[in-house]
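Please read the structure below before turning to the comments.
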Amino acid sequence: MKKFFLLLLTAFLFIGCSSDDDTIYDYIGTWSGTYEGSDKGVWNIVVDNAGKVTGTMHSDVNNENYNISGNLSTSGDLTAVVGLPSKGDFRGTLNTDKKGNGNWSNSLPTPAKSGSWKGEKK
């Protein structure tokens with residue numbers, strides 16, 4: 001009976017453990033960096049414990065701020081919209097090594113602009 005109990009306990013331990021240790025908690029906090037392309041500047045986002053992303057892009061060219069809002073998956077995939085109003089995309093990947101990169105686009109102000117971004121967790 002004792003062996004059966006130990007076997008059952010071991011089985012429950014293996015079932016309860018997951019090989020996928022990614023959680024949103026690895027990404028919670030403030031991230032910032034730079035963007036470049038047909039516009040350039042800095043960006044800053046905050047990831048909350050539900051994976052909601054909010055922040056801004058500041059254009060050095062136009063001296064304007066654009067809102068960023070979206071979501072982050074538990075694997076670090078960022079899907080957000082950018083603009084004032086939202087007329088663009090801010091997409092990429094945040095990594096558990098506290099680095100991130102991706103692409104952005106914005107159709108306002110005209111002409112449409114796009115490029116890449118990179119940054120890190122603060």
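In this chain, residues are counted from 1 in sequence order.
Residues Ala112 and Ser38 approach most closely at O-OG, 4.5 Å, considering heavy atoms. Considering all non-hydrogen atoms of both residues, Asn49 and Tyr25 come closest at CB-CE2, 4.3 Å. Considering every non-hydrogen atom in both Ile24 and Asp48, the closest pair reads CG1-O, 4.3 Å. The two residues Val82 and Tyr66 have their closest heavy-atom pair at CG2-CB, 3.9 Å.
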* Please test Lys122 against Ser32 for side-chain contact (heavy atoms from CB on, under 4.5 Å), starting from the C-alpha separation and ending with a verdict. => CA-CA 7 Å; Lys122 300 296 178 190; Ser32 62; 2.8 Å; yes
* Kindly indicate, with the supporting measurements, whether the criterion side chain to side chain donor-acceptor pair (under 3.5 Å) is fulfilled by Asn67 and Ser69. => CA-CA 7 Å; Asn67 293 329; Ser69 62; over 6 Å; no
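Aromatic ring centroids of Phe90 and Trp104 lie 6.0 Å or more apart.
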Could you give the side-chain donor-acceptor pairs of residues 39-47 under 3.5 Å, partners two or more places apart or in another chain?
from	atom 1	to	atom 2	distance (Å)
Asp39	OD1	Ser59	OG	2.9
Asp39	OD2	Ser59	OG	3.0
Trp43	NE1	Thr34	O	3.2
Trp43	NE1	Lys118	O	3.2

In a table with atom names and distances, give each donor-acceptor pair under 3.5 Å that connects a side chain of residues 50-58 to protein atoms at least two apart or in another chain.
from	atom 1	to	atom 2	distance (Å)
His58	ND1	Asn65	OD1	2.7
His58	NE2	Asn63	OD1	3.4

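Ion pairing between Arg91 and Asp89 holds under the 4.0 Å rule for side-chain N and carboxylate O.
How far NZ of Lys113 is from OG of Ser105: 12.5 Å, rounded to the nearest 0.5 Å. If you take CG on Asp26 and CG on Asn95, they are separated by 11.0 Å, rounding to the nearest 0.5 Å. With rounding to the nearest 0.5 angstrom, the OG1 atom of Thr74 is 7.5 Å from the OH atom of Tyr27.
The neighbour count for Lys98 NZ, taken as heavy atoms of other residues, nucleotides or ligands under 6.0 Å away, does not exceed 12.
Here the side chains of Trp31 and Leu78 are not in contact, with every heavy-atom distance at 4.5 Å or above. Taking 4.5 Å as the limit, some side-chain heavy atom of Asn106 sits within range of a side-chain heavy atom of Lys87.
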